[in-house]
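These notes concern the structure reproduced below.
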Amino acid sequence: MTSVPDLIGGLGTGLVGGFTSGLLGVTPGGGLVVFAVMLLGAEQHAAQGLSLVAQIPPTSAAGIRRYWDSGNRVTAAVLLWLGLGFLVGGIVGALIANWTTAAVLQWAYVIYLFLLDALLLRRRRAKESAEATGAAPDPHRAALLAVGCAAGVSSGFLGIGGGLATVVGLSAVLGMAQHRAQMISLALTLVPTTLPSAWIYWRHGAMPAWPTLVAVIVGLAVGTDVGARLANRVPPERLRVLLVGFVSLMAVCMTLKALG
């Protein structure tokens, strides 16, 4: 039987994960793993399995609409090449993760977060016109495929959605406007790219109870919409600062958990 505290913890995990997803344009996986460990007391593999399965339903649809209504657009070609790389990388990462100990996964997650922080802090400012309109041409498909592969490996290995890596790859590495990078990251979640990775975790038994999972998904849908509404009122530079702060906070939390 699932206890009431587990249901409340699951709903809270989904709400916070969804809010940060909508606000920062990242898939909720990064937050879900941390919040599932901290709020639900889940073992690392179970937290990663919960994160991947909870992201299969299109919980980001409302958040995507908020970005779309604000003029941020994404082409099918961009999603295709990112998604293709993501699928391949996700399977590879998930296979490796299930042969890795929980302690190693925790420290790998910490290193991953600090690496993203370093990339964000080194991000070169995009031209003002590109930030304002998002009108810069799409990156080359090889670059999109590489970003997708990197995000997919991080998703499968660490049980996250890969949104952090996608946003950082598009904005910090490829120089895309911040709001557009966040829109693309969320749009990518409409394709169930985490399904192969989630199935691998499921087969290895790294999964929470169904009531807890449903509570997380409900929280995600509500939180993403609220976060996206707020994001479109925040300047791009402020969003980058918030993203750095969010990644840093998660890194500190997971470091303390790994040390404990």
Side-chain angles (χ1 to χ4, degrees), residues 13-35 38 51 55 59-60 63-64 66-68 70-72 74 78 82 86 109-128 130-132 134 136 139 144 147-148 150-152 154-155 158-189 220 223-255:
T13 297
L15 283 170
V16 180
F19 178 77
T20 55
S21 174
L23 177 63
L24 302 174
V26 299
T27 47
L32 283 181
V33 172
V34 176
F35 303 138
M38 306 301 289
S51 171
Q55 292 174 82
T59 55
S60 64
I64 293 169
R66 303 298 174 194
Y67 279 90
W68 188 274
S70 296
N72 296 287
V74 56
V78 169
L82 279 174
F86 200 103
Y109 194 79
V110 170
I111 294 170
Y112 165 77
L113 291 173
F114 278 119
L115 177 61
L116 291 185
D117 245 350
L119 288 173
L120 284 168
L121 291 171
R122 291 187 59 188
R123 181 193 189 276
R124 296 191 314 185
R125 294 177 181 272
K127 292 182 180 180
E128 185 176 349
E131 283 286 12
L144 292 170
V147 169
S154 70
S155 172
L158 300 173
I160 60 180
L164 280 172
T166 302
V167 171
V168 172
L170 292 176
S171 64
V173 178
L174 302 184
M176 186 176 288
Q178 187 71 21
H179 280 100
R180 186 164 183 245
Q182 295 185 184
M183 164 67 178
I184 291 173
S185 175
L186 284 179
L188 191 61
T189 66
L220 281 179
T224 303
D225 183 47
V226 174
R229 287 173 184 264
L230 179 59
N232 286 295
R233 300 173 181 269
V234 179
E237 187 60 38
R238 183 68 59 81
L239 284 176
R240 283 193 289 272
V241 172
L242 290 173
L243 183 58
V244 170
F246 174 63
V247 174
S248 300
L249 181 61
M250 289 199 303
V252 171
C253 289
M254 290 304 291
T255 299

Contacts of Arg238 that satisfy side chain to side chain donor-acceptor pair (under 3.5 Å) - sequence neighbours left out: none
Ala150: side-chain contact (heavy atoms from CB on, under 4.5 Å) partners, not counting sequence neighbours: none
Heavy-atom closest pair, residues Arg233 and Arg229: CG-O, 3.7 Å
For Val16, side-chain contact (heavy atoms from CB on, under 4.5 Å) partners two or more places apart: Phe35
Test log, rule side chain to side chain contact (heavy atoms under 4.5 Å, CB included), inputs Leu239 and Leu23: CA-CA 8 Å; Leu239 284 176; Leu23 177 63; 4.3 Å; yes
Interatomic distance, Leu242 atom CG to Leu230 atom CG [nearest 0.5 angstrom]: 8.5 Å
Interatomic distance, Thr166 atom OG1 to Leu170 atom CG [nearest 0.5 angstrom]: 6.5 Å
Interatomic distance, Leu116 atom CG to Ile111 atom CD1 [nearest 0.5 angstrom]: 12.0 Å
Spatial distance of atom OG (Ser154) from atom OH (Tyr109) [nearest 0.5 Å]: 9.5 Å
Val147 side chain reached by Leu174 side chain, heavy atoms, under 4.5 Å: yes
Residues forming a side-chain contact (heavy atoms from CB on, under 4.5 Å) with Val244, sequence neighbours excluded: Asp117, Leu120, Leu121, Ser248
